Amino acid sequence: MNAITRLDVLDLEDTIARYGIGELVSYRPAANGIENSNYFLRTLTRGREREFVLTVLEQASNAGTAFVPLLDLCIESGLPVPGILRNLAGEPFEVFEHKPVVLAPRLPGRHVYNPTLRQVEALARFIGRFHVATAGWSQTVPAHPRRTDWLKHHAQLTRGYLPYLSSRLLDETVKEVTSLLARHDVQSLPKGVIHADLFRDNVLFNERGLSGVLDFHHASEGFLLYDLAVAANDWCTDASGLLDEERTLRLIRTYHQIRPLSRAELCFFSAFALYAALAFWLSRLAVAARRDETGAVRFNNPEEFQRIVQQHRAHFLYLDERMLEA
């Protein structure tokens, strides 16, 4: 069981009773949660079974409570996301052991681990539609936190944890990325609401195509290009961490058809792929370091992103507008 907060049948029955979604038939904890505790529930109402996901938010969402109206907006725009259900009092949150709890319908589909080009295209279409749908959104989400100060602080947390060559690679990359983010032309790149965590384990597919995108708790205001960079690092790299050019171009071309990329965004794509890889390398290193101190077992391997950082520093993917016409 991978849930942090343990819920038994009585806890779950008491919680779902406040939603009026029927009788609890079965439940099980999700096997791959890292940051929050998720439970799959099956309920019965008037002879009809339905499935839901109950999430205990173990840590504060970067998006705060704004992720709820953000999901509402996405649903209104026809995007396949899990809308947060309101309880019988009309509130989106319940509380268990002083932790917020949300309930959403379970979306169909499964995660993919070796995505096809068609699945990469489907993801790109979702990102483009998401960026277009949220453009000019009247509500606000916090700024993306993984900026210069965050990068420097988390690099400092790794002091004494990494071997010399890895530590040197990290220091050099932090300097390169912080220099990138200080540029005026970078700061003028298009910004908006970003998902910021578009990994394969947050996307579902079924026989019809992309059926769901999950986990909007990292949603924030940031560079739109960052979402593409995060996706490319997870969906378009080979086992060595090297970007596959065909997959990456398919991702960018498909997105470009929905929200045209500027020349500057194409110019800085490779640099942003390095930026995103560094951010997740540091994030995973921080968790791994705490794990060594506390004995916790819930973390992703930071070496995956170290390899991606190394490959980005060694290889530059050149892009221009002519490559998007094919």
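Here the structure is a predicted model, which means the values were calculated and not measured.
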Side-chain polar contacts of residues 94-102 - donor-acceptor pairs under 3.5 angstrom, sequence neighbours left out - could you list them?
from  : atom 1 : to    : atom 2 : distance (Å)
Glu94 : OE1    : Arg18 : NE     : 2.6
Glu94 : OE1    : Arg18 : NH2    : 3.3
Glu94 : OE2    : Arg18 : NE     : 3.4
Glu94 : OE2    : Asn87 : ND2    : 2.7
Lys99 : NZ     : Thr5  : OG1    : 2.9
Lys99 : NZ     : Glu58 : OE1    : 2.7

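- In this structure, Tyr226 contributes its side chain and Ala196 its backbone to no donor-acceptor pair below 3.5 Å.
- Within the 3.5 Å criterion, the main-chain N or O of Ala133 finds no donor-acceptor partner in the side chain of Ser77.
- The minimum heavy-atom distance linking Trp235 with Gln119 is given by the pair CZ3-O, 4.4 Å.
- Between the side chain of His315 and the backbone N or O of Gln311, at least one donor-acceptor pair lies under 3.5 Å.
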Subject >> Test salt bridge (charged side-chain N to carboxylate O under 4.0 Å, His left out) applied to Arg247 and Asp238, step by step >> reply: CA-CA 10 Å; Arg247 288 174 178 265; Asp238 62 20; over 6 Å; no
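- Within 6.0 Å of CZ in Arg50 there are more than 12 heavy atoms belonging to other residues, nucleotides or ligands.
- Separating the CG atom in Leu79 from the CG atom in Leu73 is a distance of 8.0 Å, to the nearest 0.5 Å.
- The heavy-atom pair separating Asn36 from Leu57 by the smallest distance is OD1-CA, 3.5 Å.
- Taking the six-membered ring where the residue is Trp, the centroids of Phe216 and Phe130 are separated by under 6.0 Å.
- Here the side chain of Thr158 pairs a donor or acceptor atom with the backbone of Ala155 at under 3.5 angstrom.
- Summarising the geometry of Phe223 relative to Ile194, their closest heavy-atom pair is O-CG2, 3.5 Å, with the distance given to 0.1 Å.
- No donor-acceptor pair under 3.5 Å is formed between the side chain of Ser167 and the backbone N or O of Pro163.
- Listed here is the closest heavy atom pair of Val81 and Cys74: CG2-CB, 3.6 Å.
- The structure places CG of Leu204 at 5.0 Å from NE2 of His111, a figure rounded to the nearest 0.5 Å.
- Considering Glu121, His131, Arg129 as possible partners of Tyr255, the one that fulfils the side-chain hydrogen bond (donor to acceptor under 3.5 Å, both in side chains) test is His131.
- In this structure, a donor-acceptor pair under 3.5 Å is present between the side chains of Arg146 and Ser283.
- Here the side chains of Leu10 and Glu13 are in contact, with some heavy-atom distance below 4.5 Å.
- Under the 3.5 Å distance criterion, the side-chain polar atoms of Arg147 are matched with a main-chain donor or acceptor of His144.
- Between His154 and Trp150, the ring planes are parallel. Angles under 30° get that label, and only those over 60° would be called perpendicular.
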**OP:** Under the side-chain contact (heavy atoms from CB on, under 4.5 Å) rule, what do Val120 and Glu246 come out as? Steps first, then yes or no, please.
**Re:** CA-CA 11 Å; Val120 170; Glu246 183 180 14; over 6 Å; no
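- Enclosure of atom CD in Glu303 is not indicated, since only 12 or fewer non-hydrogen atoms of other residues, nucleotides or ligands lie within 6.0 angstrom.
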**OP:** For Val203 and Phe126, run side-chain contact (heavy atoms from CB on, under 4.5 Å): C-alpha distance rounded to whole Å, both residues' side-chain angles, the deciding distance at 0.1 Å, then the answer.
**Re:** CA-CA 10 Å; Val203 182; Phe126 174 87; over 6 Å; no
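- Side chain of Ser179 to backbone of Glu176: no donor-acceptor contact under 3.5 angstrom is found.
- Heavy-atom contacts from other residues, nucleotides or ligands closer than 6.0 Å to CD of Glu51 number more than 12.
- Note on Arg259 versus Glu265: salt bridge recorded, some NZ/NE/NH1/NH2 to OD/OE distance being below 4.0 Å.
- With ring centers used as reference points, Phe40 lies 6.0 Å or more from Tyr27.
- Summarising the geometry of His195 relative to Asn202, their closest heavy-atom pair is CE1-ND2, 4.3 Å, with the distance given to 0.1 Å.
- Contact of the Pro108 side chain with the Ser211 side chain is registered, since non-hydrogen atoms from C-beta on lie closer than 4.5 Å.
- Atoms CG and CG, from Leu278 and Leu274 in turn, are 6.5 Å apart once rounded to the nearest 0.5 Å.
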Subject >> Steps toward salt bridge (charged side-chain N to carboxylate O under 4.0 Å, His left out) verdict (Arg86, Asp72) >> reply: CA-CA 11 Å; Arg86 273 58 169 179; Asp72 291 343; 2.8 Å; yes
Subject >> salt bridge (charged side-chain N to carboxylate O under 4.0 Å, His left out) assessment of Glu172 paired with Arg313 >> reply: CA-CA 10 Å; Glu172 291 175 352; Arg313 288 178 59 84; 3.3 Å; yes
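- Side-chain contact annotation: His217 with Asp197, donor-acceptor N/O pair under 3.5 Å absent.
- The backbone N or O of Val112 lies less than 3.5 Å from no partner atom in the side chain of Arg200, so there is not a single donor-acceptor pair.
- For the atom pair Leu282 CG and Phe305 CZ, the distance stands at 11.5 Å (nearest 0.5 Å).
- Nearest approach of Ile84 to Pro92, heavy atoms of both residues: CG2-O, 3.7 Å.
- Atom CG of Leu266 is separated from atom CZ of Arg322 by 11.5 Å, given to the nearest 0.5 angstrom.
- A donor-acceptor pair under 3.5 Å links the side-chain atoms of Thr43 to the main chain of Ile21, judged by distance alone.
- Within 6.0 Å of atom CZ in Arg168, 12 or fewer heavy atoms from other residues, nucleotides or ligands are found, so the atom counts as exposed in its surroundings.
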Can you give the donor-acceptor pairs under 3.5 Å from side chains of residues 63-71 to other protein atoms, not counting sequence neighbours?
none

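- Leu319 and Phe316 fall within the same hydrophobic cluster, where Ile, Leu, Val, Met, Phe, Trp and Tyr residues are linked whenever their side-chain heavy atoms come under 4.5 Å apart, directly or through other members.
- The line from CH2 of Trp281 to CG of Leu170 is 4.5 Å long, rounded to the nearest 0.5 Å.
- Using a 3.5 Å distance cut-off with no hydrogens or angles, the side chains of Glu221 and Thr140 do not pair a donor with an acceptor.
- Heavy-atom contacts from other residues, nucleotides or ligands closer than 6.0 Å to CG of Asp149 number 12 or fewer.
- One N or O on the side chain of Ser270 and one on the backbone of Leu317 form a donor-acceptor pair closer than 3.5 Å.
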